[in-house]
Number of protein chains: 2
Amino acid sequence: MKTEFEDRCDVQCIHEENVKEVRANMINEDTARALADIFKTLGDSTRIKLLFALMQKELCVCDLAAVSGASESAVSHQLRILRNQKLVKYRREGKILYYSLLDDHVQTLFTQGLEHVNE
Amino acid sequence: MKTEFEDRCDVQCIHEENVKEVRANMINEDTARALADIFKTLGDSTRIKLLFALMQKELCVCDLAAVSGASESAVSHQLRILRNQKLVKYRREGKILYYSLLDDHVQTLFTQGLEHVNE
DNA sequence: TAAATATATGAACAACTGTTCATATATTTA
DNA sequence: TAAATATATGAACAGTTGTTCATATATTTA
């Protein structure tokens, strides 16, 4: 039951100037997604704990499981996500993999995040 | 088929000193969850776009839908999440609600996040 | 006060996420 | 080289999330 005016914009509350202006400086789709992906990665309490622990010193998977309270398998899965997001790196020493933070962005983000939490 | 030593810790790779030390300075469960919740809130590209738009100026729901490309209903749902996390506030003017950022933590977090993205 | 407008909200549903369990891989040790 | 150890990975499953669609609410206008 299509009407003749189907394609007419039915929104009336738009402030055209504002929309035009904001649109011109809008974040692009890919950047928005990339930014969302980082935050998504930080948006899990297990991963928060792993990163927080690694802020103190490098740790092996076993140690990370012990301090975070998660199973070694769960930790391993989460470490892969952190690796993919370039948040952690590791070095091997025999059978043991020692994980550490890849850079200090995490620390800065945590500090800012905590500032919001404790507003 | 329970063994007599079932409760014995079967993990052998733990570095006790490290674990003890890191545990002593560990983030607590509630804080970890609260921190994860903020990041989780920032971990969606629609919400990223909404916040990014609001970094420029206050906007009504219609405008936010226009600049973000999401439906008004979707925007409204997302704004509720942002409100609950105390990231945005609004003022009413007649039928129209104007949303704006509640404080500047978002801007700082975005800047840091983007720095990581463009590492 | 009825209609129109701007926004909010609940239900439903598909897509995604985190954990567990079983198994695989890599390294060392016996 | 076989067994043990440390970690990784895939499948499965429950829980969560974001959107849509229908409907409700609040405000203004006729």
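Since the structure is predicted, the reported quantities are computational estimates derived from the model, not experimental observations. Computation of the quantities below employed the complete heavy-atom set of this structure, encompassing side-chain atoms and omitting hydrogens, waters and symmetry-equivalent molecules. Letters A, B, ... mirror the listed sequences (proteins, then strands); counts begin at 1.
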Length of the [atom1]-[atom2] vector between [X] and [N], whole Å:
| X | N | atom1 | atom2 | result |
| --- | --- | --- | --- | --- |
| A:Glu72 | C:dT25 | CD | P | 19 Å |
| B:Leu42 | D:dT17 | CG | C1' | 15 Å |
| A:Arg91 | C:dA26 | CZ | C1' | 17 Å |
| B:Glu93 | C:dA6 | CD | P | 13 Å |
| A:Lys40 | C:dG18 | NZ | P | 10 Å |
| A:Leu97 | C:dA26 | CG | C1' | 9 Å |
| A:Ile14 | C:dA6 | CD1 | P | 10 Å |
| B:Leu50 | C:dA8 | CG | P | 12 Å |

Under-4.0 Å side-chain N/O to phosphate OP1/OP2 contact, [X] with [N]:
| X | N | answer |
| --- | --- | --- |
| B:Gln78 | D:dT19 | yes |
| A:Arg92 | C:dT27 | yes |
| A:Arg80 | D:dA8 | no |
| B:Arg83 | C:dT9 | yes |
| A:Arg47 | C:dT17 | no |
| B:Ser76 | C:dT7 | no |

* To do: Assign B:Tyr90 to base, sugar-phosphate, or nothing according to its heavy-atom contacts below 4.0 angstrom with the strands shown.
  => nothing
* With a non-hydrogen cut-off below 4.0 angstrom, is A:Tyr99 in contact with a base, only sugar-phosphate, or nothing? -> sugar-phosphate
* **Side chain B:Asn28, main chain B:Thr31, donor-acceptor under 3.5 Å** => yes
* Asked: Between the side chain of B:Gln56 and the main-chain N/O of A:Val22, is any donor-acceptor distance below 3.5 Å?
  -> yes
* Asked: What residues, two or more places apart in sequence or in another chain, satisfy ring-ring contact (aromatic ring centres under 6.0 Å, His included) together with B:Tyr98?
  -> A:His15
* Has B:Lys89 got more than 12 heavy atoms of other residues, nucleotides or ligands less than 6.0 Å from its NZ? -> yes
* **Crowding at NZ, A:Lys20 (>12 non-hydrogen neighbours, <6.0 Å)** => no
* Are B:Ile96 and B:Leu79 grouped together when hydrophobic residues (ILVMFWY) are joined by side-chain heavy atoms under 4.5 angstrom apart? -> no
Would you say the side chain of [X] and the base of [N] hold a donor-acceptor pair, judged only by whether the two atoms sit under 3.5 Å apart?
| X | N | value |
| --- | --- | --- |
| A:His77 | C:dT20 | yes |
| B:Thr46 | D:dT19 | no |
| B:Ser73 | C:dT9 | yes |

Of the listed nucleotides ([options]), which one gets closest to any side-chain atom of [X]?
| X | options | value |
| --- | --- | --- |
| A:Cys62 | C:dT20, D:dT7, D:dG18 | D:dT7 |
| B:Cys13 | D:dT19, D:dA6, C:dT7 | D:dA6 |
| A:Lys95 | C:dT28, C:dA8, D:dT7 | C:dT28 |
| A:Ile96 | D:dT7, D:dT17, C:dA26 | D:dT7 |
| A:Val61 | D:dT19, D:dA8, C:dA8 | D:dA8 |

* Output, in order, the C-alpha distance, side-chain angles, deciding distance and verdict of side chain to side chain donor-acceptor pair (under 3.5 Å) for A:Tyr90 and A:Arg83. => CA-CA 9 Å; A:Tyr90 64 91; A:Arg83 251 159 32 217; 5.4 Å; no
* Where DNA chain C forms stems, i.e. three or more consecutive Watson-Crick or G-U pairs with both distances under 3.5 Å -> C:1-30 with D:1-30
* To do: With A:Val19 as reference, evaluate A:Arg23, A:Glu17, A:Glu21, A:Glu16 under the side chain to side chain contact (heavy atoms under 4.5 Å, CB included) test and give the passing residue.
  => A:Arg23
* SG to SG, are A:Cys13 and B:Cys62 under 2.5 angstrom apart? -> yes
